[in-house]
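What follows is a single structure, written as structure tokens, with notes after it.
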Amino acid sequence: MSSKQQFQLFRFILALGISLGISMLIIFLVSKEPWTAISYLLLGPFGSMRHFLSIFAQATPLIFTGLALSLCFKSGNFSMITDACLYISAVLTAALAIRLSLPFPLHPLVILLLAAVMGGIIGSLPALAKLYFKANELVTSLMLNYVFFYLGLFTISKYFADREAGTFASLKYAKTAVLPILVKGSKLHLGFFLALLLAVLFSILLYKTRFGYELRLSGSNPSFAKMVGISSSKVILLTQVLAGMVAGLGGAVEQMGMYQRFNWQESPSYAWDGVIIAILSRNNPALVPFSALFLAYIRVGADIMSRKSDVQNELVALIQALLILFVTAEAFLSGWEHRREVKESLATADTALPAAASAEPETGKEEA
């Protein structure tokens, strides 16, 4: 691990410690039983196997959206169309799980493939609008999110709703379309390992391939990328398609793994959670699963705390906000980092100068 990476790790751990410390202080101020609330927050997820495995189940959609947005942000493109990709792909999953009749495992495989295609198509729209009409991708994607959300609601209500249900819900999915639960009595399903596999593949793509190099260069220095012949337009479009496909897979996996029918009357907002994951992982696909698991762990603990103590689980929002504040604040520990870099540079210079001085006479003798 390089010194830069060590500093970033230390910086994150310190930010986490400060965030948890402030949160605990608030618990002491508002709770009549602060130690009980804190124990449930930090140790509640380990209280039973069901609670522990809930961390992995809740982290699954966060990994998908975190990967999608990490790719977008790494390329310098700030599109939020991930929300629409996930939601419409979930609607498509519901339609195929209800109407399509195929054996297992062919049924979920077909759904995953078509959901990825749907996500890729929707994901490309803000990129195309930016490339051909110079439209701001952030504004375009946010507007399209509303369009696709209400389109999805209309589709479920019109063609797949269960009229006998007492609330908004689709017909039940075919059993052959449901992803298997890995541990009985829990919500951990096969989709979690698919998310981990994607994290590994995208880490290789980003740091071991030519396309990954072009993507990173286009995001960090688009002017230089253009000078060396890299087509930033092509990179942005392909990145958006890939991000949309990942989000589409996330929507399909969440529906087939966690639900027996479609009941998302409101957008689950996993894309906004993905923004948090991308920030915490610094757009590194290899770190996305760890960030997602941490966020899921805090949320599971907060849920247990809200049910068994007098502190509400909105405390998670405070922890998230403080973490993002410290992680993204460039001034946080910047002075310490600057002094460390100067010290290393001076040490390197002190080592290099005597070596250069001792080499000069030898060079002179050879010339003589």
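From a predicted model like this one, the values you see are computed outputs, not experimental measurements.
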(request) Start with the C-alpha gap between Val275 and Met80, add the side-chain angles, then the distance that decides, and say whether side-chain contact (heavy atoms from CB on, under 4.5 Å) holds. (result) CA-CA 9 Å; Val275 173; Met80 289 297 297; 3.6 Å; yes
(request) Let me see the working for Ile122 and Ile81 under side-chain contact (heavy atoms from CB on, under 4.5 Å), right down to the final yes or no. (result) CA-CA 8 Å; Ile122 296 175; Ile81 197 64; 3.8 Å; yes
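Here Asp303 does not pair with Arg299 in a salt bridge; the nearest charged N to carboxylate O distance is not below 4.0 Å.
A donor-acceptor contact shorter than 3.5 Å is absent between the side chain of Arg50 and the backbone of Gly185. Checked by atom type and distance alone, the side chain of Ser157 never pairs as donor or acceptor with a backbone atom of Phe154 at under 3.5 Å. Distance alone, capped at 3.5 Å, is enough to place a donor-acceptor pair between the Ser75 side chain and the Cys72 backbone. The closest donor-acceptor contact from the side chain of Ser186 to the backbone of Leu182 lies at 3.5 Å or more, if one exists at all. In this structure, Asn145 contributes its side chain and Ala84 its backbone to a donor-acceptor pair below 3.5 Å. Within the 3.5 Å criterion, the main-chain N or O of Leu42 finds a donor-acceptor partner in the side chain of Tyr297. With hydrogens and angles disregarded, a donor-acceptor distance shorter than 3.5 Å links the side chain of Ser124 to the backbone of Ile121. A distance-only check finds a donor-acceptor pair linking the side chain of Arg261 to the backbone of Ser170 [under 3.5 Å]. Judged by distance alone, with hydrogens and angles left aside, the side-chain atoms of Ser31 form no donor-acceptor pair with the main-chain N or O of Phe28 at under 3.5 Å. No donor-acceptor pair closer than 3.5 Å links the side chain of Ser203 to the backbone N or O of Ala199.
The number of heavy-atom neighbours closer than 6.0 Å to CZ of Phe290, taken from other residues, nucleotides and ligands shown, is 12 or below. Remark: Tyr207 OH is packed, more than 12 non-hydrogen atoms of other residues, nucleotides or ligands lying under 6.0 Å away. Annotation for Arg210: atom CZ does not count as buried by contact number, only 12 or fewer foreign heavy atoms lying within 6.0 Å. Residue-environment remark: OH (Tyr146) stays at or below the threshold of 12 foreign heavy atoms within 6.0 Å.
Aromatic ring centroids of Tyr87 and Phe262 lie under 6.0 Å apart. You'll find the ring centres of Phe56 and Phe193 outside the 6.0 Å limit.
Taking all atoms of both residues into account, the shortest heavy-atom contact from Leu86 to Thr65 is CD1-CG2, 3.6 Å. Nearest approach of Tyr40 to Pro45, heavy atoms of both residues: O-CD, 3.9 Å. A pairwise comparison of heavy atoms in Pro285 and Asn283 identifies CD-O, 3.5 Å as the closest pair. Smallest separation of non-hydrogen atoms from Leu249 and Leu112: CD2-O, 3.4 Å.
If you chain together ILVMFWY residues whose side-chain heavy atoms come under 4.5 Å of each other, Ile204 ends up grouped with Val200.
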